[in-house]
Each structure stands twice: as C-alpha cells, then as structure tokens.
J.: 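Have a look at the structure that comes next, please.
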Amino acid sequence: QVQLVESGGGLVQAGGSLRLSCAVSTSANYDIGWFRQAPGKGREFVGAISWDGTKTNYADSAKGRFTVSRDNAKNTVLLQISSLKPEDTAIYYCAADRIPLTYYSARYYTKRQVDFWGQGTQVTVSS
C-alpha cells in the first residue's frame, strides 16, 4: 500500500519555474512517477524515478524541462519544471505501481491503470 500527497502547485507565468512535491508513505520500495491531465485531455505519463534514485524515465515531451528527483530520508519525490508554457497547465499527480515506473516506455504507463495515485495538484501557467 502507498499513500501519496502532492503539493506545490499554483499559478505561474510562462517562462517561470515550479517545483512540485510528493510526500510518500509506504513500507515497500516503489518507483514514483508523475503524470498530468490537462483540461479536456487524458492523463499522461511525465516522468518517474526508481525507488533508490538511480534511474529515471521521462516522456519525450518532458525531456529537458522536467526533472524528477527524490530524497528518501524525507520520503519525498520532487518534480522540477522549468521554462513553463501555457500548455503545461494541468493537474499533476504522483503515482506508484506494482510495475516499476522506470521499466517501460512513457506510452506504456500512459495507457496502464496505475495502482496508486495522489489527489493531484493544479498547475496553471499564464501567458
């Protein structure tokens, strides 16, 4: 079982940066991932980090501006987003799954019914 709580969303101007945080509560070792759902669109995989922090996995659209990191001492996973664009406006969710989120492609996880979700945090980017 995993409990995930996101924080750090808000209203940001285009070109700015934002750091989202996911508080992770679990007794097991899980890769933790970030997904987002834009208005009127399906939820998509953004990026993930392995349970020990040694491996990351990003959607092609996220490479270069999105960085996932984790601090296991603080039970926290971060998503740093730079050079924000209006199209980054979405609800951002952290997630965990029985299939490690660093094993397969972004497309696989976008389609998969991932096991555990946080409640989400809204990110709105103004132009």
J.: Is there any disulfide (SG to SG under 2.5 Å) pair reaching into residues 68-127, and which pairs are they, with sequence neighbours excluded?
T.: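 Listed by first then second residue: Cys22-Cys94.
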
J.: What pairs with Ser105 under side chain to side chain donor-acceptor pair (under 3.5 Å), at least two apart in sequence or on another chain?
T.: none

J.: If only atom types and distance count, is the side chain of Ser17 paired as donor or acceptor with the main-chain N or O of Ser82 below 3.5 Å?
T.: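 The answer is no, because no donor-acceptor pair under 3.5 Å joins these two groups.
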
J.: What residues form a side chain to side chain donor-acceptor pair (under 3.5 Å) with Asn72, not counting sequence neighbours?
T.: Arg70

J.: Answer yes or no: is there a donor N or O on one side and an acceptor on the other, between the side chain of Glu6 and the main chain of Gly120, under 3.5 Å?
T.: yes

J.: Applying side-chain contact (heavy atoms from CB on, under 4.5 Å), can you list everything that pairs with Gln1, at least two apart in sequence or on another chain?
T.: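 In terms of side-chain contact (heavy atoms from CB on, under 4.5 Å), with neighbours along the sequence ignored, Gln1 is linked to Phe116.
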
J.: Of all heavy-atom pairs between Pro86 and Ala14, which one has the smallest distance, and what is that distance?
T.: CD-CB, 4.1 Å

J.: I'd like to check the side-chain contact (heavy atoms from CB on, under 4.5 Å) partners of Asp52; sequence neighbours left out, ordered by chain and number.
T.: Ser50, Thr54

J.: Is there a side-chain contact between Leu78 and Val68 in this structure, where contact means two heavy atoms from C-beta onward sitting under 4.5 Å apart?
T.: no

J.: With disulfide (SG to SG under 2.5 Å) as the rule and sequence neighbours excluded, what pairs involving residues 37-89 come up?
T.: none

J.: Can you check side chain to side chain contact (heavy atoms under 4.5 Å, CB included) on Trp34 and Val77, steps first, answer last?
T.: CA-CA 9 Å; Trp34 288 92; Val77 175; 3.7 Å; yes

J.: Please check if atom OH in Tyr104 has more than 12 non-hydrogen atoms from other residues, nucleotides or ligands closer than 6.0 Å.
T.: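 Incorrect, the count does not exceed 12.
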
J.: Considering only residues two or more places apart or on different chains, which pairs with a residue in residues 96-127 satisfy disulfide (SG to SG under 2.5 Å)?
T.: none

J.: Scan residues 87-102 for pairs that pass side chain to side chain donor-acceptor pair (under 3.5 Å), counting only residues two or more places apart or in two chains.
T.: Asp31-Thr102, Arg36-Asp88, Arg36-Tyr92, Arg65-Asp88, Asp97-Arg112, Arg98-Asp115

J.: Looking at residues at least two apart in the chain, or sitting in another chain, which of them share a side-chain contact (heavy atoms from CB on, under 4.5 Å) with Ser7?
T.: Ser21

J.: Run the side chain to side chain donor-acceptor pair (under 3.5 Å) test against Lys63 and tell me which residues pass, sequence neighbours left out.
T.: Asp60

J.: Between Leu101 and Ile32, what is the shortest heavy-atom contact and its length?
T.: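 Scanning both residues completely, I find the closest heavy atoms to be CD1-C, 3.9 Å.
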
J.: Tell me every residue that passes side-chain contact (heavy atoms from CB on, under 4.5 Å) with Thr110, counting only those two or more places apart in sequence or in another chain.
T.: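 With sequence neighbours excluded, Thr110 shows a side-chain contact (heavy atoms from CB on, under 4.5 Å) to Glu44, Phe45, given in chain and number order.
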
J.: Got a sec, which pairs hit ring-ring contact (aromatic ring centres under 6.0 Å, His included) with one end in residues 54-82, sequence neighbours left out?
T.: none

